[in-house]
Each structure stands twice: as C-alpha cells, then as structure tokens.
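Quick notes on the structure that follows.
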Amino acid sequence: MNVIDFRSDTVTWPTPEMREAMANAPVGDDVYGEDPTVNELEAESAALLGKEAGLFVVSGTMGNITAALTHCGRGDEMILGREAHMFRYEAGSSAALGGIHPHIVDVQPDGTLRLDDIRRAIRGDNEHFPRTRLVCLENTQGTIGGIPITAAYTEQVGALVREHGLKLHIDGARIFNAAAALRTPAKELVAAADSVSFCLSKGLCAPVGSVLVGSKDFIKAARRTRKSLGGGMRQAGILAAAGLVAIRTMTARLADDHANACALAEGLAALPHVQLDLSAVQSNMVFFDLTDDAPVSPETFADRLRQDYNILMRPYPGYTRRFRAVTHYWITREHIDTALGAMRELLA
Ligand SMILES: *Cc1c(COP(=O)(O)O)cnc(C)c1O
C-alpha cells in the first residue's frame, strides 16, 4: 500500500501467500458440500474456537444475521448493546428479515453489558411481551475502542443465559484481537457461547468472508438460513483458501498491530492539542480528540493528512472532534513514525 490507511482494518489487502493459495485452491460445489477448501476452513475454524461445526459466510454482517435468524423466530427478542455492531451497523436486518425485536442495554466503558441490565431485560412469561431468546456480546467491542472482553465475564453471561433457557451469540469480528490482547486462547473467550462469528477480512487480511461456528445442529439450521439469505456460494474454495492462510498464519501476529497502536497512542498523547486516554488502547484501535484550540479543524486535519502526506484518517461519526485510527498488517512501525511526524507538523 502506498497510502498509510488508518481508517479501518477492513482496508487490508490479501497477502502474497493468500493470492498464491487462492490460485491453487482445490474447489467444488459448496452448496453440495463438495468444496474441500471450504470444508477445511469450516472444520479448522470450529476446532480453533472449540465448537463442533462451522459455516463460511460472505461477511461478518451475514454471520450475525444468520445466527440471529437461526436462534430466533418472528416476534422473539434479542438483548444486545446499544453500541453493538448488530444494533447500529447492520441495516436493521434482524428486524427487517427476521421480525426479531432488539432490546438494547447500555454498553459499559469496559465493553461489557451489566449483568443486572441483562437480567432486567429478560422478559417474564406474559402474553404482552415478546419472548426473549438470545443475548449478544461483541468481542472486541469495536465502537467504544476495540476493548477485549474477558473469559470470566463471558462465563457469567453464559451462566445467566442458561439459567433462563436463552442462547448466547458472540459477534467476534475481532475475537483473535481479543485473544492476543488478553493472551488467552480464543476458544476460552467463547466457551460459554452457543454461536460465534468472526471476520477473516479485517486484521486477518483475507479479501472476503467470515465464519460462523456452533454445534452441529445449530450449523445445520444456519446453513438453511444462509441459503435463504442468498449466501449459498459455489466454488467458494477460492475465497476459503485465503481464509485458511488467515487463521493459520495471521492470528499469531496481531500483537504486532497492538504494539503499533500503543506506539501511535503514546506519540499522539505527547502532541499538543490532542486528548487521549492511553488506558483505553487495548487492541488495534486508537481513539483521540482534537482540542477546541487546535490550529486546524478536524476536517482540515483529515484533508491535509490525505493531500499532503497520503495518510487516511477519518473523523469518527457521531462525534465532532474525534478520530479513530486502526492499525493492521499493512501499517508498519515506520508508518507510525511518519504519521506522528505529519500530525506534529499539522498541530504545531
Ligand atoms: C466489521 C464488523 C462486523 C461486520 O463485518 P462485515 O464483514 O463488515 O459485514 C460485525 N461486527 C463487528 C464488531 C465488526 O467490527
């Protein structure tokens, strides 16, 4: 990449090893269950997360919708965070496509939902109410800073969910970032979950795709849901081949991205007109604000970074002076130093 692109880890290109694996992948018709590369990706993903089976889907959004539609029927309710990707950024699909009623509770600064808030949100048996079926967590929690959620907390939610006969889904788009940040195997972070979806296409650099994992029975039902969403793919092994490289080689290097995020955050904290909470930088995201007295407006700051330095960084939607910078495979330590130098000049 000749630009330094901090907008998201979704911008990552596939690695040369991925392109090579894609070119050489054995394929078959995956709707018939005959694509060996897809089958391998699904089995390895499930094993990696300690579940029985996996399902390759087009996107993280499709993984979450497929899970919600498989766990819930029309008029059922799912409990999730107000800041959850599933609530904010998935086009209202669980309601639009599945008639699922979202019941939102506040996300705490550490990315969790309060157990008491979940407990209060669970409906009693009464004909006035929708039926509660599902609780959804997000790990790492993306909109509030890429915060990893611990296994101990997730176990508590799992116990609560089981006590009420509900299911637990984890939107683990960046679950391997959480695993790296907490130095805990991903399977321990999701042990309490009935289903988990994770993205191959973010920090793991695959060009397309996510995997949904769960029990054999759940995945069998989810396969039908995926088909109904138009997500049954044919020679998808071309894409799954990159996914295999992603889970085999890219999960182990995410700590490098986190170290780069720390270096960026420490450099930013030392600049004038920047406000930033270093303790909130726990994975590959850095949130910071430009102060009111900064010599440039947030818009000019972003424009000048792009025009004068080939650096992409966007004001964060919903805030007036906030930026989110995301580190990933295509951002090196030298890029961090270059970016800090550029921002120092703009803020001088
Ligand atoms: C990116 C993301 C998704 C959706 O993934 P897409 O592949 O972009 O559809 C879901 N949840 C979280 C937390 C994400 O960050």
Side-chain angles (χ1 to χ4, degrees), residues 5-14 41 45 49 55-69 78 80-94 96-97 102 104 107 110-113 134-149 154 168-181 186 189-190 193 195-213 225-226 229-231 233 236 239-240 242-243 246-247 250 254 257 261 282-287 314 316-318 324-329:
D5 196 341
F6 287 104
R7 290 172 301 167
S8 177
D9 47 11
T10 57
V11 302
T12 47
W13 293 345
L41 174 67
S45 298
L49 292 179
L55 183 69
F56 184 42
V57 292
V58 168
S59 64
T61 301
M62 186 183 276
N64 287 332
I65 300 172
T66 301
L69 266 60
M78 63 179 185
L80 75 176
R82 187 184 303 280
E83 312 302 330
H85 193 281
M86 289 178 73
F87 182 65
R88 281 177 59 159
Y89 296 125
E90 299 188 3
S93 53
S94 51
L97 306 176
I104 54 170
V107 177
D110 67 356
T112 64
L113 313 179
L134 181 66
V135 174
C136 303
L137 297 177
E138 184 173 312
N139 198 3
T140 61
Q141 214 298 339
T143 39
I144 60 154
I147 310 286
I149 310 291
T154 306
L168 175 61
H169 173 70
I170 296 182
D171 175 357
R174 296 188 181 85
I175 194 68
F176 295 106
N177 291 93
L189 298 179
V190 302
S195 59
V196 185
S197 65
F198 69 91
C199 288
L200 300 163
S201 58
K202 292 190 169 160
L204 303 187
C205 284
V208 174
S210 280
V211 185
L212 176 64
V213 298
T225 309
R226 183 188 69 173
L229 294 171
M233 296 179 282
L239 300 171
I247 60 172
M250 302 301 279
L254 292 172
D257 297 339
Q282 297 181 24
S283 64
N284 65 334
M285 294 182 191
V286 179
F287 285 70
R314 257 194 325 226
Y316 197 57
R324 182 185 77 166
V326 184
T327 57
H328 51 75
Y329 180 81

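For ligands, and for the atoms within them, numbers begin at 1 and follow the listed sequence.
Counting heavy atoms from C-beta outward, Cys136 and Phe87 have side chains that stay 4.5 Å or more apart. Counting heavy atoms from C-beta on, the side chains of Ser197 and Leu212 come closer than 4.5 Å. The closest side-chain heavy-atom distance from Asn139 to Asp171 is not below 4.5 Å. In this structure, Glu138 and Met86 have side chains that are not in contact, with every pair of non-hydrogen atoms separated by 4.5 Å or more. In this structure, the side chains of Leu49 and Val211 stay at 4.5 Å or more apart for every pair of heavy atoms. In this structure, the side chains of Leu80 and Leu113 stay at 4.5 Å or more apart for every pair of heavy atoms. Contact check for Leu137 versus Leu168: side-chain heavy atoms found under the 4.5 Å cut-off.
Counting the atoms of ligand 1 from 1 in the order shown, those under 4.0 Å from a heavy atom of Glu138 are 13 (C). The Ser59 neighbourhood of ligand 1 comprises atoms 7 (O), 9 (O), with distances under 4.0 Å to a heavy atom of that residue.
In the displayed structure, Arg314 atom CZ is contacted under 6.0 Å by at most 12 heavy atoms of other residues, nucleotides or ligands.
Among the atoms of Thr61, some N or O lies under 3.5 angstrom from an N or O of ligand 1. For Gly60, a nitrogen or oxygen atom sits less than 3.5 Å from a nitrogen or oxygen atom of ligand 1, counting backbone and side chain alike. Checked by distance only, ligand 1 and Glu90 stay at 3.5 Å or farther apart across all their nitrogen or oxygen atoms. Taking any N or O of Ser201, backbone or side chain, none lies under 3.5 Å from an N or O belonging to ligand 1. At least one N or O atom of Asp171 sits closer than 3.5 Å to an N or O atom of ligand 1.
Using a 4.0 angstrom heavy-atom cutoff, Met86 does not count as in contact with ligand 1. Under a 4.0 Å heavy-atom criterion, Arg174 is in contact with ligand 1. At a 4.0 Å cut-off, at least one heavy atom of Cys199 sits close enough to ligand 1 to count as contact.
Under 4.0 angstrom from ligand 1, the non-hydrogen atoms of Ala173 all belong to its side chain. Residue contacts with ligand 1, taken as heavy atom pairs separated by less than 4.0 Å, do not involve Thr10 at all.
Among all non-hydrogen protein atoms, the one lying nearest atom 1 (C) of ligand 1 is Lys202 NZ, 1.3 Å. Ranking the protein heavy atoms by distance from atom 10 (C) of ligand 1 puts His85 ND1, 3.2 Å first.
A side-chain N or O of His169 and one of Asn64 form a donor-acceptor pair less than 3.5 Å apart.
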